[in-house]
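Every value quoted in this text rests on a predicted model; they were computed, and no experiment measured them.
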Amino acid sequence: MAEIVVEPFVSFVVERLGNLLIQEHKFLHGVRAQVEQMQKELSRMQCFLKAADARREEGNELVSNCISEIRELSLDAEDGIATFVIKVALMRRGRIHHMLKRYFCIFSEARARHMVGLEIEHINEKITHLRRSLKTYGIQPTISSGESSTSTTERVLQLRRSYPHIVEEDIICLDGDVKAVVDHLVNETKNCRVVSIWGMGGIGKTTLAKMVYNHNDVRHHFDCFAWAYISQQCKTREVLEEILIKLISPISQKEKEEIKKLREEIEKLRLDELAEKLHRVQSDKKCLVILDDIWEGEVWERLSPGFPNTKTAVGSKILLTTRKREVGFYVDQQCFLHELRLLTEKESWELFQKKACPRGEEFRLSTEMTVLGEEMVKHCGGLPLAIVVLGGLLATKRTLGEWEKVSRNVDYLMKGKGQGGVPMEIVLELSYNDLPYHLKACFLCLSDLPEDEDIRPIKLIQRWMAEGFVSLPVRARVGEVEDETMLDVGMSYLDELRHRCMIQVGQLTNCSGRVKFYRLHDLVRDLCLLKAREENFVKVVLMGEDSATASSSLSSPTTIRRLGAYCKDNRNVGDNRRRGQVKALHIDETCNLHHVRSCQFYFFGNRLEDPDWQRIKSVFKGFKLLTFLDLENTRFSAERHGPFKVKLRLDGLSNLETLEGFETDKFDVRSFSTLTNLRKLGIVVHEEDLAMILASPSLSHSNRLLRYSSFDIIGSYQTREEQSILRQVLGHRHLHKLGLIGSLTELPLPDAFPPNLTHLHLFTDGIKEDPMPTLEKLPNLRRLGVRGEWTEMLCSAGGFPQLIHLELWEIDDVEEWRVERGAMPSLLHLQILFGGRGEKLKEIPDGLRFVTTLGTLHIGFASQELKDRLREGGEDFSKVQHVHSIKFDG
């Protein structure tokens, strides 16, 4: 029987009802007593629900139906009260008009209060009846002896450890596999254009592909690299676009504007032009393209025009991962197939220990726990993902009693499965059932994401916060924990989901090593979708589908509170006449959108034109209680610049903690002063708006709430007044990232920069003197990008102690560059881009040989002479022979 995810929703409703009683007391006059009674009834019900949850193994459908009904009742109650508060607030806003309208509003408010009072009383009676029913079934209220949400969070915070490199995580006995695949990719005598790694889901195909992708021999052999996730829902044009962008972009991250420009140019190509350009790139250079998780040969038919065959390629290769053996042969009859095997019992136990007993923790398995663990691992059948998830589950358990309980649940779930049972399903269900209440709701929020969608931490946590799934521990609310925020708590939730292996690290940031985004394994996603459907957690609808079998209408007899809308562009991407439009979403009479609290909108196409947006916007008119709306993946046409015709105002968002993507040419800067509770800020500001931004309360030196800010400032910094304003920016201790775009004639002194500055980009004109003696003294600088007009450059011994990434742009005027021994001791990535005017730098510094940490060197638009000096056998090769990857562009 599926577990009923209801108790967390009741908990959230109880808390939010309390907040409504405090914050909206003036609107709740006349129904306050009923609301307080409802809050008490639901609080009593929580104790019954915890006891009912313990009975799930008995498979009692009556209990299941009761607590499902309680969930809907509690949410209906909150919706009714919230709707009432909004209605009264709107009516009172209009009372200043004519006397007749005033009396009508008073009458309408009294009628609304009477109706909501009756509704609350009706719901209270139902809750009381259901509580009695649970008693009838022998379920008595209990106070859970398990960990609370708060204590679990505290434990996870204590267990937090730095993330290992993604490629090295959860690996066991893959050396031989790596060697075999790498050999077929780099050995030209093999005459092998395609290598296919195949095997069942969860066996480690993607893990092996990542190890190969990052292997030193592979990085040295190929000129360009691209990784594409294919999946079952392959979007042909998007895949080809991403591959092309990765192959023609530098190995280091380009500036956002350059990437944006490149993407816009590619989007203008017809599909046949796009395929031809991609084909040509792979014919001219040695390229390695990884097609991860390709399911059908038919998918390759759509992608193949962008790939050369062995006769036209100059050594480009394709590495694909698939669950089907025949897919590799479909791509190329001469394909080298590499099948991954299941792990042996010994290998399985070794992998399990890595997850259940992470390094760095003082915890050892007892003899009894070892016996139980070995028996449970056998149920995994040698499947790595099953072992990893089971290990992640048991990593949260520390006593023999807890391990015995998990073992009993494994035995229970195995009943009726026989020898042909699927261990992955069993282990995943077990791990899901073991999630704390608050994490079940958080996990199910992933169910409306498209397949292979990147899960960005901050964005996901913001949704959890908007839906009320994240709350501060009591000790933080009373001020015992200084500066702890809901964002901190949300990050701990993500940590625990990862610790339990319910989500996987997708990519780490280059500099900080923090997680850039997470991913769901497709088998875990299947579980998430299954549980979300069982609990009516979310409704996913398709818009604009041509297929008659696709659901382009929204029809449901049940209440919808979360909506995921996938909108497909029906236009022929190769036809400039733009035939067809996005179909409107049909809403029939059984569908009620008034209860929708969150909506994720995904548009799969090039640009959303105005008529399309008007159709889609009609759906949003039904939202009365919306707290989270995501339109980020929607790209609007150049003629509207999005759904907003005027600058956005942010008035009324005084509780907002995180604001990123704030651009002063799109937002009304006057409303910025109302944001008094900011903890994190990312802003792009033009110089004419900078003084007003700096004068806001959020950026005052007395404000200790703001922890992190990122400024990109566009303008000139030459006059005394302009330099004074720049010094004000630098005076903020919370400034971590700074970008200056424009003209700057003189750098401030080192002690003028904030101590926490980690990222600095100076895309400016006017600096004639070497900036390195100033910038190398910044103690925490990790990433630096500068554009230069100076002639000499010196990196001193001990300078740039934390620098990881250095980008030098358009340094054509630099004649001499010296690097002393001991400079840049942490440097990993170096990018040198000349401006094409003919560089005066004839050789790279000899001191680079002492920067032993350097892993990648990228040089763009250099003379042939400089390239020849750096190639193997050249005069300067000894200076960089320790560098793993050297790449030339232009």
Of all heavy-atom pairs between P457 and M491, which one has the smallest distance, and what is that distance? CB-SD, 4.4 Å
Heavy atoms of other groups near E746 CD, more than 12 under 6.0 Å: no
Whether E776 side chain and S796 backbone form a donor-acceptor pair below 3.5 Å: yes
Side-chain heavy atoms of E839 within contact of S863, under 4.5 Å: yes
Do you see a donor-acceptor pair shorter than 3.5 Å between the side chains of S743 and S716? yes
Got a salt bridge between K737 and D712, using NZ or NE/NH1/NH2 to carboxylate O under 4.0 Å? no
Ignoring hydrogens and geometry, is there a side-chain-to-backbone donor-acceptor pair from E820 to A797 under 3.5 Å? yes
Under 3.5 Å donor-acceptor, W464 side chain and V470 backbone: no
Go through the steps to decide whether R818 and E792 satisfy the test salt bridge (charged side-chain N to carboxylate O under 4.0 Å, His left out), and finish with yes or no. CA-CA 8 Å; R818 290 182 293 133; E792 295 183 350; 5.8 Å; no
Report yes if the side chains of T664 and L690 come closer than 4.5 Å at any heavy-atom pair, otherwise no. no
Under 3.5 Å, is there a donor-acceptor pair linking the side chains of T758 and H736? no
Are the charged groups of D812 and K840 less than 4.0 angstrom apart, N to O? no
Do Y493 and F469 make the cut of ring centroids closer than 6.0 angstrom? no
Which pair of non-hydrogen atoms, one from L854 and one from T856, has the smallest distance, and what is that distance? CD1-O, 3.7 Å
So, does D770 use its side chain to make a donor-acceptor pair with the main chain of L794 at under 3.5 Å? yes
Looking only at heavy atoms, which two atoms of F672 and S696 are closest? And how far apart? CE2-OG, 3.1 Å
L803 vs R782 side-chain heavy atoms within contact, under 4.5 Å: no
Exceeds 12 heavy-atom contacts within 6.0 angstrom, atom CD of Q864: yes
Shortest non-hydrogen pair, A226 vs K246, comes out as CB-CB, 3.8 Å
Should P801 and S826 count as side-chain neighbours, where that means a heavy-atom distance under 4.5 Å? no
Test salt bridge (charged side-chain N to carboxylate O under 4.0 Å, His left out) on D630 and R463; report intermediate values, then the result. CA-CA 9 Å; D630 180 11; R463 177 181 177 181; over 6 Å; no
With salt bridge (charged side-chain N to carboxylate O under 4.0 Å, His left out) as the criterion, how do K777 and D751 come out once you've worked through the C-alpha distance, each side chain's angles and the decisive distance to 0.1 Å? CA-CA 9 Å; K777 293 182 174 64; D751 57 3; over 6 Å; no
Under 6.0 Å from the CD atom of E663, do we count more than 12 heavy atoms belonging to anything else shown? yes
Residues H732, L706; criterion side-chain contact (heavy atoms from CB on, under 4.5 Å); working and verdict: CA-CA 10 Å; H732 289 282; L706 191 61; over 6 Å; no
Side-chain contact test, heavy atoms from C-beta onward, threshold under 4.5 Å: evaluate it for K459 versus F517 and give yes or no. no
For V851, is there any backbone N or O sitting under 3.5 Å from a side-chain donor or acceptor partner on H882? yes
If we count only N and O atoms by modelled type, under 3.5 Å, do the side chains of Q831 and H829 hold a donor and an acceptor together? no
T719 side-chain N/O to E722 backbone N/O, donor-acceptor pair under 3.5 Å: yes
P825 versus G822, closest heavy-atom pair with distance: CD-O, 3.8 Å
Any idea which heavy atoms bring L866 and K842 closest together, and the distance? CD1-O, 3.6 Å
Do E467 and R597 sit within salt-bridge range, that is, some charged N less than 4.0 Å from a carboxylate O? no
Does R821 have more than 12 heavy atoms from other residues, nucleotides or ligands lying within 6.0 Å of its CZ? no
